[in-house]
**Student:** 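Questions regarding the structure given below will be posed in turn.
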Amino acid sequence: MSDPAIATPAPHGMDVADTARRLKAIFIGSVGNLVEWYDFYAYTAFALYFAPKFFPSHDPVVQQLNAATLFAAGFIVRPIGGWLFGHIADRYGRRLSLTVSVLMMCFGSLIIALTPTYETIGFAAPVLLALARIIEGLSLGGEYGASATYLTEIAHPDHRGFYSSFQYVTLIGGQLTAILVLLLLQNVFLTHEQLVDWGWRIPFVIGALLAVTAMFMRRHMHETEAFTEANKTKKRESSLRGLLKYPREVAIVVGLTAGGTAAFYTFTTYMQTFVKQTVGLTDIVTTYVIAGSLIFASILQPIYGLISDRIGRKPLLIFFGVAGTLLTVPILTTLAQTKSPWVAFLLISGAWLFVAGYTSINAVVKAELFPTSIRATGVAVPYALTVSIFGGTAPAIALFFKQQGHEQWFYYYLSGVIFISLLVYSTMRDTKHASAMHRHE
């Protein structure tokens, strides 16, 4: 049942009670999103410690490449998760989809926490690790579409950019939380030997417990008014068949996502490895640099979201496309040559000044493309497919080029992918002014 208190009010005002209810709903949805992304990113944050346990090798680059390959494997199944949970969200409600997805993430984290090492069970160890990543990938594939849809639908029409930007605040916050857990274990609770030996399991246990907590919180979320209205009249049909009615919108999601997701995973996931192995900083200093840049990135998200509510979505996307195309190679080239943690922090933060032009509003842009009855599937499936191709593979492609002795080739690859998205940004309509949020068919 829908809570009438969160029905969309008159567009020219928000009373205090209505705002409070929306903020509560967005907080619960966002906390669950943070937990899911924490669980997923804990893998990357601790890969430097557990990779030797699952992938024996004398070459640390090979170990990280193997770990990054499994990271990418978690993305391969994301389109399946996007379809499954998108279908659940569009047919049975956003709340159910979000609740089940976070429970699945709990199982994936538990598997990683409890799996014996290669020394104990041999080849079965990386196989079980791959299984855990597949489960987490399915979960995350559904989480994005359902949470983007929920946050956009629950927001006041005049502030959708601002409210939906908190999806990436919590997404980045999930990675930041994983890194902060790493900092505490590195500096307060464990020695380096303990962290390498068994301490890397702790964050996955924490993630499983947080996922259970988030699941119970999500059980009490309000369903959105838009879904309730659409559910009264919509025809029951296959979600994929319904998606085929919107080929232009699907193509736009693929195009606008490609460059943004490649840039996002480069300056979040891959930076942990890049700063340590290419720049040459120590483990702890690397963690501080990445944590600081993520805090800066989190601050930018609602600011850019608020700007998009004033000037539109398209100007921010074009800003990201132009700056990303022109500045990616200089930033990564300079970063690879520095030995100063402060310079590294400033360069990564500088990249976030334009990457946030995509991350802050990509959720609302995608949600505004589709009518309510197909919105979660329309956001999730083409997005997950594109992330699998361009986002999840970014660390593995970068490490492959590094292993071949041509690390700089990746810089040009990333710049090229961003340029392709720029072509889409320059030709698409501004969804703030041409939104499908009011359409429930």
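Predicted model, so just to flag it, every value in this text is computed and none were measured.
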**Student:** If you count every heavy atom of other residues, nucleotides or ligands that lies below 6.0 Å from Phe419 atom CZ, does the total exceed 12?
**Tutor:** no
**Student:** Give me the atom names and distance for the closest heavy-atom approach of Gly259 to Ser421.
**Tutor:** N-OG, 2.7 Å
**Student:** Which residues pass the side-chain contact (heavy atoms from CB on, under 4.5 Å) test with Ser308, not counting sequence neighbours?
**Tutor:**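 With sequence neighbours excluded, Ser308 shows a side-chain contact (heavy atoms from CB on, under 4.5 Å) to Arg313, Leu316, Ile361, given in chain and number order.
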**Student:** I need the Tyr150 OH to Leu98 CG distance, nearest 0.5 Å.
**Tutor:**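 It is 8.0 Å, given to the nearest 0.5 Å.
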**Student:** Under the side-chain contact (heavy atoms from CB on, under 4.5 Å) test, which residues partner Leu327, sequence neighbours left out?
**Tutor:**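 So Leu327 forms a side-chain contact (heavy atoms from CB on, under 4.5 Å) with Ala323, Ile331, Phe354.
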**Student:** The criterion is salt bridge (charged side-chain N to carboxylate O under 4.0 Å, His left out); which residues satisfy it with Lys276, sequence neighbours excluded?
**Tutor:**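 Testing Lys276 for salt bridge (charged side-chain N to carboxylate O under 4.0 Å, His left out), a comparison that skips the adjacent residues, returns Asp283.
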**Student:** Can you list, pair by pair, the side-chain donor-acceptor contacts under 3.5 Å of residues 172-184, counting residues two or more places apart and other chains?
**Tutor:**
| residue | atom | partner | partner atom | Å |
| --- | --- | --- | --- | --- |
| Gln175 | NE2 | Thr268 | O | 3.2 |
| Thr177 | OG1 | Gly173 | O | 2.7 |

**Student:** In terms of the angle between their ring planes, are His159 and Tyr163 parallel, tilted or perpendicular, with boundaries placed at 30° and 60°?
**Tutor:** perpendicular
**Student:** Sort and list the pairs that fulfil side chain to side chain donor-acceptor pair (under 3.5 Å) and have at least one residue in residues 314-337, not counting sequence neighbours.
**Tutor:** none
**Student:** Would the distance check show the side chain of Ser360 and the main-chain N or O of Ala356 forming a donor-acceptor pair, the cut-off being under 3.5 Å?
**Tutor:** yes
**Student:** Evaluate Thr273 against Leu399 for side chain to side chain contact (heavy atoms under 4.5 Å, CB included), listing each step before the verdict.
**Tutor:** CA-CA 9 Å; Thr273 302; Leu399 286 167; 4.0 Å; yes
**Student:** Would you please test Phe46 and Leu185 for side chain to side chain contact (heavy atoms under 4.5 Å, CB included) and show each step?
**Tutor:** CA-CA 11 Å; Phe46 287 84; Leu185 293 179; 3.8 Å; yes
**Student:** Please find the pair of heavy atoms, one from Ser426 and one from Leu423, that lie closest to each other, and give the distance.
**Tutor:**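 Scanning both residues, the minimum pair turns out to be OG-O, 2.9 Å.
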**Student:** Working to the nearest 0.5 angstrom, can you tell me the gap between Phe162 CZ and Phe166 CZ?
**Tutor:** 4.0 Å
**Student:** Tell me, which pairs form a side chain to side chain donor-acceptor pair (under 3.5 Å) where one or both residues lie in residues 96-108, sequence neighbours left out?
**Tutor:**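 Checked against side chain to side chain donor-acceptor pair (under 3.5 Å) - neighbours excluded - the pairs reaching residues 96-108 are Glu36-Ser101, Ser101-Glu143.
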**Student:** Taking only residues two or more places apart in sequence or in another chain, which ones pass side-chain contact (heavy atoms from CB on, under 4.5 Å) with Leu326?
**Tutor:** Val322
**Student:** Given the rule in the side chain to side chain contact (heavy atoms under 4.5 Å, CB included) test, do Glu136 and Ile112 qualify, once you have shown the distances and angles that lead to the verdict?
**Tutor:** CA-CA 10 Å; Glu136 292 186 338; Ile112 297 176; 4.0 Å; yes
**Student:** Taking Tyr411's backbone N and O only, do any of them form a donor-acceptor pair with Ser415's side chain (distance below 3.5 Å, no angle check)?
**Tutor:**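 Absent.
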**Student:** Mind listing the closest non-hydrogen atom pair of Ser293 and Phe345 along with its distance?
**Tutor:** N-CE1, 3.5 Å
**Student:** Compare all side-chain heavy atoms of Val379 with those of Val253 and state whether any distance is below 4.5 angstrom.
**Tutor:**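 Val379 vs Val253: side chains apart.
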**Student:** Of all residues at least two apart in sequence or in a different chain, which pass the ring pair (Phe, Tyr, Trp, His ring centres under 6.0 Å) check with Tyr168?
**Tutor:**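 Result, ring pair (Phe, Tyr, Trp, His ring centres under 6.0 Å) vs Tyr168: Phe264.
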**Student:** Minimum heavy-atom separation for Ser388 to Ala384, with atom names?
**Tutor:** OG-O, 2.8 Å
**Student:** Under 3.5 Å, is there a donor-acceptor pair between the side chain of Tyr38 and the main chain of Leu171?
**Tutor:** no
**Student:** Can you tell me how far CG of Leu347 sits from CE of Met271, rounded to the nearest 0.5 angstrom?
**Tutor:** 10.0 Å
**Student:** Would you find a donor on one side and an acceptor on the other, under 3.5 Å apart, between the side chain of Asp430 and the backbone of Gly312?
**Tutor:**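 No, the answer is negative, given that no donor and acceptor are paired below the 3.5 Å cut-off.
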**Student:** Between the main-chain N or O of Val424 and the side-chain N or O of Thr427, is there a donor-acceptor pair closer than 3.5 Å?
**Tutor:**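 A pair under 3.5 Å: yes.
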**Student:** Please list all pairs meeting salt bridge (charged side-chain N to carboxylate O under 4.0 Å, His left out) that have one or both residues in residues 330-339, counting only residues at least two apart or in different chains.
**Tutor:**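 Non-adjacent pairs meeting salt bridge (charged side-chain N to carboxylate O under 4.0 Å, His left out): zero.
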**Student:** Answer yes or no: is there a side-chain heavy-atom contact under 4.5 Å between Cys106 and Leu110?
**Tutor:** yes
**Student:** Can you name the closest pair of heavy atoms from Val285 and Pro341 and give their distance?
**Tutor:** CG1-CB, 3.6 Å
**Student:** If we only count heavy atoms from C-beta on, is the Leu369 to Ile252 side-chain gap below 4.5 Å?
**Tutor:** yes
**Student:** NZ of Lys432 to CD of Glu368: how many Å apart, nearest 0.5 Å?
**Tutor:** 8.0 Å
**Student:** Does the side chain of Lys366 come under 3.5 Å of the side chain of Thr431 through a donor N or O and an acceptor N or O?
**Tutor:** no
**Student:** Strictly by salt bridge (charged side-chain N to carboxylate O under 4.0 Å, His left out), give each pair with a member in residues 409-420 just once, sequence neighbours left out.
**Tutor:**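 Salt bridge (charged side-chain N to carboxylate O under 4.0 Å, His left out) check on residues 409-420 returns no pairs.
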**Student:** Using only atom types and a distance under 3.5 Å, with no angle test, would you say the side chain of Thr115 pairs donor to acceptor with the backbone of Leu128?
**Tutor:**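 No, because the side chain of Thr115 does not come within donor-acceptor range (under 3.5 Å) of the backbone of Leu128.
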**Student:** Under a 4.5 Å cut-off applied to non-hydrogen side-chain atoms, are Thr282 and Thr286 in contact?
**Tutor:** no
**Student:** Enter the distance from Ile135:CD1 to Ile111:CD1 here, rounded to the nearest 0.5 Å.
**Tutor:** 3.5 Å
**Student:** Quick one: does Thr170's side chain have a donor or acceptor within less than 3.5 Å of a partner on Gln167's backbone?
**Tutor:**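 Yes, Thr170 side chain to Gln167 backbone: donor-acceptor pair under 3.5 Å.
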**Student:** Applying side chain to side chain contact (heavy atoms under 4.5 Å, CB included), run through Ile397 and Phe410 and close with a yes or a no.
**Tutor:** CA-CA 7 Å; Ile397 292 173; Phe410 176 73; 3.9 Å; yes
**Student:** Which pair of non-hydrogen atoms, one from Ala263 and one from Leu414, has the smallest distance, and what is that distance?
**Tutor:**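 Reported closest heavy-atom pair: N-CD1, 3.6 Å.
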**Student:** Only distances under 3.5 Å count here; give the side-chain donor-acceptor pairs of residues 189-197 to other protein atoms, sequence neighbours excluded, each with its distance to 0.1 Å.
**Tutor:**
| residue | atom | partner | partner atom | Å |
| --- | --- | --- | --- | --- |
| Thr191 | OG1 | Gln194 | N | 3.2 |
| Thr191 | OG1 | Gln194 | OE1 | 3.4 |
| Gln194 | OE1 | Thr191 | N | 3.0 |

**Student:** Describe, in one word, how the ring planes of Tyr425 and Phe320 are oriented to each other, choosing from parallel (under 30°), tilted (30 to 60°) and perpendicular (over 60°).
**Tutor:** tilted
**Student:** Do Tyr383 and Val254 come close enough that some side-chain heavy atom pair is under 4.5 Å?
**Tutor:** no
**Student:** Could you check if a side-chain atom of Tyr270 sits within less than 4.5 angstrom of a side-chain atom of Tyr265, using non-hydrogen atoms only?
**Tutor:**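 Heavy-atom side-chain distance check fails, nothing below 4.5 Å.
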**Student:** With no hydrogens and no angle check, just 3.5 Å: does a side-chain donor-acceptor pair link Ser165 and Gln301?
**Tutor:**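 No, no side-chain donor-acceptor pair sits under 3.5 Å.
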**Student:** Give me each pair satisfying side chain to side chain donor-acceptor pair (under 3.5 Å) with a member in residues 340-354, each pair once, sequence neighbours excluded.
**Tutor:**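 Passing the test, one end in residues 340-354: no pairs.
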**Student:** On the 0 to 90° scale, with breaks at 30° and 60°, tag the Tyr304-Phe319 ring pair as parallel, tilted or perpendicular.
**Tutor:**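 Tilted: the ring planes of Tyr304 and Phe319 meet at 30° to 60°.
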**Student:** Is there a donor-acceptor contact under 3.5 Å from the side chain of Arg375 to the main chain of Thr149?
**Tutor:** no
**Student:** Between CD1 of Ile348 and CZ of Phe274, what distance do you get to the nearest 0.5 Å?
**Tutor:**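 Between atom CD1 of Ile348 and atom CZ of Phe274 there are 8.5 Å.
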**Student:** Under 3.5 Å, is there a donor-acceptor pair between the side chain of Thr261 and the main chain of Ala258?
**Tutor:**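 No; judged by distance alone, with no hydrogens or angles, the pair does not exist.
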